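Notes for the one structure printed next.
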Amino acid sequence: MSTQPLGTHAELPSRIGLAQTAQHSLALAGRGVTKFMKSPMQLVDVILTPIISLLMFIYLFGDAMSGGDTDGYLRLVVPGVMVMAVFQASVGIGASLCADASTGIFDRFRSMPIARSSPLIGAVLADVVRYVACLATLVVFALVMGYRVETGPVATLAALALLIGFALSFSWISVYLGMLIKNPTSVQGLMTILILPLTFASNVFIPRDGMAGWLQAWSDVNPVSLVADTVRGLLGGGPVAGSLAGTFAWMAGVVVVFFPLAMRAYRKNAG
């Protein structure tokens, strides 16, 4: 049996198909999930943040922002906080990959006969654990606080799947920054600069009719507003077609732009 000399890279296949790429990505995603299971403290932020946000906006600002209609405000803000929470949870992947880059793990992946994109795709897929933990926490606390789903289980699962898909899509922005920037703190800071305007200039916390005219125009195309409206419709029985189409357009656009950018930065980082 032939052996490969030390210090050389493993021989890579000339071309790796989609099926093998998916297999490699899922294997690396399983590695990431195992890390979460062995160190559940990594999930503390995505569990505590939605709890604090929900309590704060209902009990501290709820009366002032709802005009005394606490139940109505609860129906408005719970889906919005869900969007905000998974959006914020997507920040962690970029900072984590940025930290991994300094350990040389990407050089090891580069020497293995796996698809070049699989380390990044696997890391993104493993982050589903964070989104599930975040949404599970939110659902439980929202039900305790009096929120009620007015549709069936299929619509509820569709809403949760959409939220996870939204977070996975927008996490590619974080991945790109994580591959481009050498400092995990800077990645988190830049993602926060992106998330805060998108979140607070949306209909997450106040209805569209309560905004200034120019802000209404932005809210109508803001991806956070579109996802929030879709989730409200799926959980509350309202219309979803228009906002769902806009949501899918934003998700597809972000992936089309930032996935290639992230891969380019990864190859340069690993090279």
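Treat the numbers as computed from the prediction; the structure is a model and nothing was measured. Computed from heavy atoms alone, side chains included, the values below leave out hydrogens, waters and symmetry copies.
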Steps toward side chain to side chain contact (heavy atoms under 4.5 Å, CB included) verdict (Ile164, Val128) = CA-CA 7 Å; Ile164 293 173; Val128 169; 4.3 Å; yes
Is there a path of hydrophobic side-chain contacts, each under 4.5 Å between heavy atoms of I, L, V, M, F, W or Y residues, that connects Leu261 with Val256?
-> no
Euclidean distance, Phe258 CZ relative to Ser171 OG, rounded to 0.5 Å | 11.5 Å
Donor-acceptor pair, side chain of Asp229 and main chain of Val240, under 3.5 angstrom | no
Would you give the length of the straight line joining atom CG of Leu177 to atom CG of Leu190, rounded to the nearest 0.5 angstrom?
-> 6.0 Å
Gap separating the CG atom of Leu162 from the OG atom of Ser243, nearest 0.5 angstrom | 8.5 Å
Ser219 (side chain) donor-acceptor with Ser202 (main chain) under 3.5 angstrom | no
Between Thr151 and Leu234, what is the shortest heavy-atom contact and its length?
-> OG1-O, 2.6 Å
Go through the steps for His24 and Ile121 under the test side chain to side chain contact (heavy atoms under 4.5 Å, CB included), then give the verdict.
-> CA-CA 9 Å; His24 299 161; Ile121 296 175; over 6 Å; no
To the nearest 0.5 Å, how far apart are CD1 in Ile181 and OG in Ser186?
-> 6.0 Å
Could you tell me which non-hydrogen atom of Gln188 sits nearest to which non-hydrogen atom of Ala95, and how far apart they are?
-> CG-CB, 3.8 Å
Group every Ile, Leu, Val, Met, Phe, Trp and Tyr by side-chain heavy-atom contacts under 4.5 Å, then state whether Leu54 and Phe200 land in the same group.
-> yes
Applying side-chain contact (heavy atoms from CB on, under 4.5 Å) between Leu163 and each of Leu168, Thr230, Val227, report the one that passes.
-> Val227
Transitively linked via ILVMFWY side-chain contacts under 4.5 Å: Val154 with Leu135?
-> no
Can Phe205 be reached from Leu196 by stepping across I, L, V, M, F, W or Y side chains whose heavy atoms are under 4.5 Å apart?
-> yes
Using the salt bridge (charged side-chain N to carboxylate O under 4.0 Å, His left out) rule, collect all pairs that involve residues 151-164, keeping only residues at least two apart or in two chains.
-> none
Taking the inter-plane angle between the rings of Trp172 and Phe259 on a 0 to 90° scale, is it parallel (under 30°), tilted (30 to 60°) or perpendicular (over 60°)?
-> perpendicular
Derivation of the side-chain hydrogen bond (donor to acceptor under 3.5 Å, both in side chains) call for Ser25 and Ser118 | CA-CA 4 Å; Ser25 300; Ser118 58; 4.9 Å; no
Least distance between heavy atoms, Pro50 atom then Val81 atom | O-CG1, 4.3 Å
The residue among Leu138, Val77, Ile58, Leu235 that forms side-chain contact (heavy atoms from CB on, under 4.5 Å) with Tyr147 is Leu235
Any sub-3.5 Å donor-acceptor pair from Tyr131's side-chain atoms to Leu160's backbone N or O?
-> no
Are Met145 and Leu55 close enough that some pair of their side-chain heavy atoms sits under 4.5 Å apart?
-> yes
Pair listing, side-chain hydrogen bond (donor to acceptor under 3.5 Å, both in side chains) test, anchored in residues 77-98, at least two apart | none
Between Ser174 and Val187, what is the shortest heavy-atom contact and its length?
-> O-CG1, 4.2 Å
Between the CD1 atom in Ile206 and the CZ atom in Phe57, the distance rounded to the nearest 0.5 Å is 10.5 Å
Could you tell me which non-hydrogen atom of Met179 sits nearest to which non-hydrogen atom of Ala262, and how far apart they are?
-> CG-O, 4.1 Å
Okay, side chain of Asn222, backbone of Leu198: is any donor-acceptor separation there less than 3.5 Å?
-> yes
For the side chain of Trp250 and the backbone of Val221, is there at least one donor-acceptor N/O pair under 3.5 Å apart?
-> yes
So, Arg232 side chain and Leu76 main chain: donor-acceptor pair closer than 3.5 Å or not?
-> yes
When rounded to the nearest 0.5 Å, the distance separating CZ of Arg148 from CD of Glu150 is 11.0 Å
Closest contact, heavy atoms only, Ala142 versus Val78 | CB-CG1, 3.8 Å
After noting the C-alpha distance and the side-chain angles of Val175 and Met263, does the key distance pass the side chain to side chain contact (heavy atoms under 4.5 Å, CB included) rule?
-> CA-CA 9 Å; Val175 171; Met263 284 307 307; over 6 Å; no
Audit row: Phe170, Leu194, side chain to side chain contact (heavy atoms under 4.5 Å, CB included) steps and yes/no = CA-CA 11 Å; Phe170 276 77; Leu194 169 68; 5.6 Å; no
Decide whether Leu157 and Val132 are clustered together by the hydrophobic rule: side chain heavy atoms of Ile, Leu, Val, Met, Phe, Trp, Tyr closer than 4.5 Å, transitively.
-> no
